[in-house]
Structures are given as structure tokens and as C-alpha cells.
Amino acid sequence: MANIETIQLHIDEPRLLTELKTLATFTDIEPSNNGTAVTRVVFSPDDLRARAWLKCLAAAEGFTLREDSVGNTFFRWPGSEPDLPAVATGSHTDAIPHAGMYDGTVGVLGGLEAMRSLKRSGFLPRRSIELILFTSEEPTRFGIGCLGSRLLSGTLDPNRADTLPDLRPEKDEATLATVRAAAGFTGPLASIRLPANHYHAWVELHIEQGPLLERESIPLGLVTDIAAPAGYRFTLTGLGGHAGALLMPDRRDALCAAAELILSIERHALATGVIDTVATVGTCDVHPGAVNSVPSRVVLQLDIRDTDPARRESVMQAVRRDCDTLRQRRNITITEDLVNADSPAQSSPHILQLLEAICTQQGVPYKKMVSRAYHDSLFMARIAPIAMIFIPCRNGVSHRPDEYAAPADIALGAHILASVLGKLASE
Ligand code: GLV
Ligand code: MN
Ligand code: MN
């Protein structure tokens, strides 16, 4: 039997690139000038078409298919000892509005190619190897990131999850429960959770989404830690009225208050003096949203992250103090709803050691680094030993149509992934 020490792995780079480009054509928006702008919101027609296409690719390899009730999709290559905890890889294929074509997809298609390359080499895994496509890593539709991996790891209450409102403006009354049912995913969300010994290991390949690898001309990052994200929703309610007739001294303009709140968040995030603190208000819904009407209500979504959750919380405390002042000075109400406040995750020293040994043996320079972006790995870490492999992306750009990763870097990432999956599946 071909073992991991003797096989020759070969990544089919042209095929992987073609598949990435094909996946990018499943987009909810018209291709833009540069042809790579992708919007693939979870459970949209294009998300469902992309899933169907991926299922065909995996079926062609003979991998078995399982889908859970939120649409997490598992493609399994059974090992010679199929009852042992499996080794898993994967990522997500949903994409935020006007995204690029590499975020998440490199981990899914790169994971598929890694498995195919192991198969082509004649390798027979002892443990099963599984590719997972996680549902809704992006928070676009339901306001919370990593929906699928949160449910799988028992991090999100299934009852709460089903009531999450669909934030797409045209879907007023919809919730996760109704949207997933319409997409064909039924059954209780409580059935998704997997126990802590279900997986032997999880390794995710992803673009860095930051500038460090490219800046330092290093082709590979080995993630040691994933920063801790939190999400909050602020609702500011003032007094609406006619933009011409409501006199300035009488105003309680919710959008003016929101502007102050946004700047307070920026000020306090900067004030930590640490580059690991980042805070973003990425959406601002203004009611009633008419040019000649004073805004009466504004809803802001805040995304705040830090490697140190205590420091993240200290920023929130400072923001809350400013909210108190704002309420009094502008005579408005401000309510704060917690969406999520997560802990950071650490990679498994054992998988990191394996990866370092593989890189050294193959002469691949690498850098150990922190992931400031979140990933499904953050939640997989709660039930399995994890690690992540980063590849460079041009100018550190991500969540933009001009996101780009070089084919050779993608292929190298898939190659290192295949090597470590092979080793882990032999344990
Ligand atoms: C993932 O998309 C993130 O926002 O970190
Ligand atoms: Mn993303
Ligand atoms: Mn991603």
C-alpha cells in the first residue's frame, strides 16, 4: 500500500485555476469590468447552483455526500479504518457583496484538489478524509459569521439560530428557519452538532487577507492564533419629521447621533495603540431613508476584533460611556444588542509541528502568524485540533473584487495541505 512517505504528490494547477474561475461565475451580480466581482449570498440561487456544481465535482471522485440541516456539506473519502475519527479540511463558498473570487473558495477547491492529488498518487488513507463546505461563513444574510461551524461546534443555540432574521431588505419577515427550508434544508438545527472526538484534525487553507506574506516575500503562513471577533447591533431612535419644517433646535436626528457613535468607536479602537484592535461599522440602515425626511431611526452593525478579548471589551466599555453622553445630549435612545462575542483560538502544536516539518523538508519558507480575519477554524477549534495554512494575496486585499492570489501560491498551498492531510490520515 502506498504510504505518505513514499508517494509523489502533484497538484493539477491548471484544473484548480479553471475550477476557481468557474465557481466565480456563480455570482448574484453581473460580472464587473474586471470580471471577478463576486456576490454569492448564502441560499441565493447562485449559492445553490455553486453547491450543485461542487457536488458533481466531488461525486466524480467517488466521495460520499452528507448534508446537514443548515446545508453544511461533507464530502468523505473513506479510509481503511473508517470508524476512526476523520481528518477534515474545507472552508466556505459564500461571498459578501462585491467580493473577490478567492476568499473561502481556495480552501474548498484547494481542499478538493489536495484530496484528488492524494488519490492520484495511490495513497490509501487510514482515517477517512473529509472536505467540508460550511454554510454562511459570511454574516451578510443573517448578521452572524460562521453560522454553519458555530452550529456544528455547539457554539450557537439552535433555537436562537432559527429565529435569526434575514437581513436582505426585500425579505421582511423571513428568518433562517424559513430561508433554509425554502433552500431544501429541513430538520432540527440541534442535529448538526458534532462531538469533540468526531474529527482527528481540521486544517483550513485560506488566502491571508492581509499584506504580511507578500510584503515579506514568504509564500506560506502557518496560523498560530485566530483573533476574537465580536458583533453588536446599535439601534438609535430619535424624532423624524419634515426636512424643511422641523426646526434645527428641535431636532433629535438619529443619523447625526449615529455619526458621533461611529466616530467614538473609531477613536476608542485607535486609542488602544495596538494594531490587533480593529473596529468597523459596516452597515447603517436609515429610517425612513428619504432625502427630505429627518432620520428617526438608525441601525448600525459593529464588527470589533482583537487578539485579546479583554481589550476588546475595554473598547466597548468606553463606547458605552460615550453612548450615555450621546443619549442625554441629543435626547435619543440607543439600544445595544449583542450578536456574538467569541474567544480567540489557538492552533494545535502537533499539527503546526507537522506543517513545519513538511515545509522544511520541501524547502518552503514559511512564517508563523496570527489570523486577524475569522474563519470556520475558529469554531472547529472547539471540537478538534486545528491549523490553518495561509497563502499571500496581492496587496493584502480581500473582500474586494480585485482580491487576487497567484496560481503558483494557490497550488503550493494545496500541495502543503495535501501533505499534511496525508500525514494526519495515516496517524
Ligand atoms: C471573514 O470573512 C471575516 O470577516 O473575517
Ligand atoms: Mn470573507
Ligand atoms: Mn473566508
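We count ligands from 1, going down the list as the structure has it; atoms in each ligand are counted the same way. Each residue takes its place number in the sequence, starting with 1.
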For this session: Could you tell me whether a side-chain N or O of Arg126 sits under 3.5 Å from a main-chain N or O of Glu427, the two making a donor and an acceptor?
Result: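 The answer is yes, because a donor-acceptor pair under 3.5 Å joins these two groups.
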Exercise. What angle, to the nearest 10°, do the atoms OD1 (Asp103) and NE2 (His206) form about the Mn ion (ligand 3)?
Worked result: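 It is 90°, given to the nearest 10°.
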Exercise. Looking at His399, which atoms of ligand 1 are within less than 4.0 Å of one of its heavy atoms?
Worked result: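 Reading through ligand 1 atom by atom, the close ones are 2 (O), 4 (O).
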For this session: Check ligand 1 against Arg305 and write out every atom of the ligand that is under 4.0 Å from a heavy-atom position of the residue.
Result: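 Numbered from 1, ligand 1 contributes 3 (C), 4 (O), 5 (O).
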Exercise. Are any of the side-chain heavy atoms of Val42 and Thr140 separated by less than 4.5 Å?
Worked result: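 When only atoms from C-beta onward are counted, Thr140 and Val42 do not touch, as no gap falls below 4.5 Å.
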Exercise. Considering only protein heavy atoms, which is closest to atom 2 (O) of ligand 1, and at what distance to one decimal place?
Worked result: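 The protein heavy atom lying closest is Glu138 OE1, 3.0 Å.
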For this session: Kindly confirm whether the Mn ion (ligand 3) is within less than 2.8 Å of some N/O/S atom in His92?
Result: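 Yes.
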For this session: Examine Arg66 relative to Phe74 and say whether NZ or CZ is less than 6.0 Å from the centre of the six-membered ring and inside a 45° cone about the ring axis.
Result: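 Yes, Arg66 sits over the ring of Phe74.
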Exercise. Quick check: does Asp303 get an N/O under 3.5 Å from an N/O on ligand 1?
Worked result: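 N/O-N/O distance below 3.5 Å does not exist for this pair.
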For this session: Show the numbers, then the answer: is there a side-chain contact (heavy atoms from CB on, under 4.5 Å) between Glu137 and Tyr374?
Result: CA-CA 9 Å; Glu137 191 267 356; Tyr374 59 67; 3.6 Å; yes
Problem set entry | Gln209 to ligand 1, any heavy atom closer than 4.0 Å |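 The answer is no, since Gln209 has no heavy atom less than 4.0 Å from ligand 1.
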Exercise. Does ligand 1 have an atom that lies less than 4.0 angstrom from a heavy atom of Glu137?
Worked result: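 Right, Glu137 reaches ligand 1.
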